[in-house]
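Both counts, for ligands and for their atoms, begin at 1 and track the order of listing. Not measured: the values here are computed from a predicted model.
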Amino acid sequence: MLDLKIMVQKYGGTSVGTADRIKAVAERIKRYTEKGFSVVVVVSAMGKTTDELIALASQLTRNPSGREMDMLLSTGEQVSISLLAMALHEIGIDAISYTGSQIRVLTDGNFSRAKIESISTDRIVKSLREKKVVIVAGFQGVDDEENITTLGRGGSDTSAVALAAVLGTRDCEIYTDVNGVYTADPRIIAQPAKLKEISYDEMLELARLGAAVLHSRSVEFAKKYNVRLHVRSSFNYEEGTIVMPKEEMMEKFVISGVTAKRDEAKITIRDIPDKPGIAARLFTLMGENRVYVNMIVQSTGKDNRASISLTVLKSDLDKALKLCETMRKDLGASSVESKVDIAIVSAVGVGMLSSYGVAGKIFQVLSEHNVNIEMISTSEIGISCVIDDMYAELAQKALHKIFIESEQK
Ligand code: ASP
Ligand code: MG
């Protein structure tokens, strides 16, 4: 599109956590300018700044105004962009920092979870033509009334991908403190493998099922605008993982990641009437009360009675139980039970689309370890089982061993 060779890079909080880290980032950017790239850099707030700002606000109020909270949080990124510009100047690289509002990152007015509507490239391109490195504050934008907005925690990834999209660049580097995307959580599996490639859909599915590496909206954007994301470490020069369209992947694993979600609880309502409209009433009620429901399983009815199990976030459990109790009374169901100690263990992979017997093999592995499956749900590229939380680690280890350690050799 443009005659410039543009590289968009995003550096997360740890990558710019100290003055020394900022210097290291400046050196890395310098290398790219020497290779002839026009570099656009998106940065997050330094280290734990955003958490600290939130904690500070909470000392003053339990109910901060959305507008003022975004005003506050956006300052974190303003610190890191200006410092990075100074670090670049120090090593002889011309650079200029911009806030979201200065480059017109226009968003809707939903404070703390604003969505980007458009970004103007004029000022960025002008600065790039002046041979400047352009440094943009991630995570922030401005609404049509000039209020500062933020995109939700971790939103700088989305800022970077949106910039790559509007600048028409195919590749976007996301620098973090890990070497890429792994097949499992290294706190649980001693040596998970680093994936060379992963598809957008697998990344989204893994994030939904508990393993978030990137801000999910950034992956949705990348998919929509066909931007390849290179997730890599700012602490070394190793190649990381490329998040890309599945059609372009060289190797498609049946299972490319194993994960567990341990922040949900299970509710079962027994003996509800097996007739049209019951599920509709129950889940409409949940929705109206803003309870996020993840898995839903209904048993086949017998004697005109059925039972429904669902999972909700543990933080919503009390609210959800009250709603279910109301429904139980209305419908004459026999009981509402809940279980907090559950884990949703999942296996995700695009290779599932073209293989047989994956579900059977997963259930077999779990049964060999005497793990009882309480609920099952599947998507095109994922299989999830609710099990007792006690077995969460064991199940992940067993699945990783069978599907990944033995197959990705
Ligand atoms: N600083 C923000 C946060 O901590 C945005 C980001 O890091 O991407 O959530
Ligand atoms: Mg961060």
Open item on the list: Taking only non-hydrogen atoms of His215, do any sit less than 4.0 angstrom from ligand 1?
Closed with: no
- [ ] Could you tell me which non-hydrogen atom of Arg123 sits nearest to which non-hydrogen atom of Gln102, and how far apart they are?
- [x] NH1-O, 3.3 Å
Task: Distance filter under 4.0 Å to Arg153 heavy atoms, resulting ligand 1 atoms - done: 3 (C), 4 (O), 9 (O)
- [ ] Could you list the atoms of ligand 1 found under 4.0 angstrom from a heavy atom of Thr50?
- [x] 1 (N), 2 (C), 3 (C), 4 (O)
Task: Polar contact flag for Lys10 and ligand 1 (N/O pairs, less than 3.5 Å) - done: no
Open item on the list: Below 3.5 Å, N or O to N or O, backbone or side chain included: is there any such pair between Gly154 and ligand 1?
Closed with: yes
Open item on the list: Tell me whether His230 contacts the main-chain N or O of Gly240 through its side chain, where contact means a donor paired with an acceptor under 3.5 Å.
Closed with: yes
Open item on the list: Check the orientation of Tyr32 and Phe37. Use parallel for under 30°, tilted for 30 to 60°, and perpendicular for over 60°.
Closed with: tilted
TODO: Return yes or no for this condition: an N or O of Asp157 is under 3.5 Å from an N or O of ligand 1.
DONE: no
Donor-acceptor pairs are to be reported for all side-chain atoms of residues 131-143 against protein atoms at under 3.5 Å, with residues two or more places apart or in another chain.
unit_1	atom_1	unit_2	atom_2	d
Lys132	NZ	Glu130	OE1	3.0
Gln140	OE1	Gly100	N	3.1
Gln140	NE2	Ser74	O	3.1
Asp143	OD1	Glu145	N	2.8
Asp143	OD1	Glu146	N	3.2
Asp143	OD1	Asn147	N	2.9
Asp143	OD1	Asn147	ND2	3.4
Asp143	OD2	Asn147	ND2	3.1

Task: Cation-aromatic face contact Arg170/Tyr225, 6.0 Å, 45 degrees - done: no
TODO: Look at ligand 1 and say whether Gly13 reaches it with a heavy atom at a distance under 4.0 Å.
DONE: no
Task: Under 3.5 Å: donor-acceptor pair, side chain of Glu77, backbone of Val43 - done: no
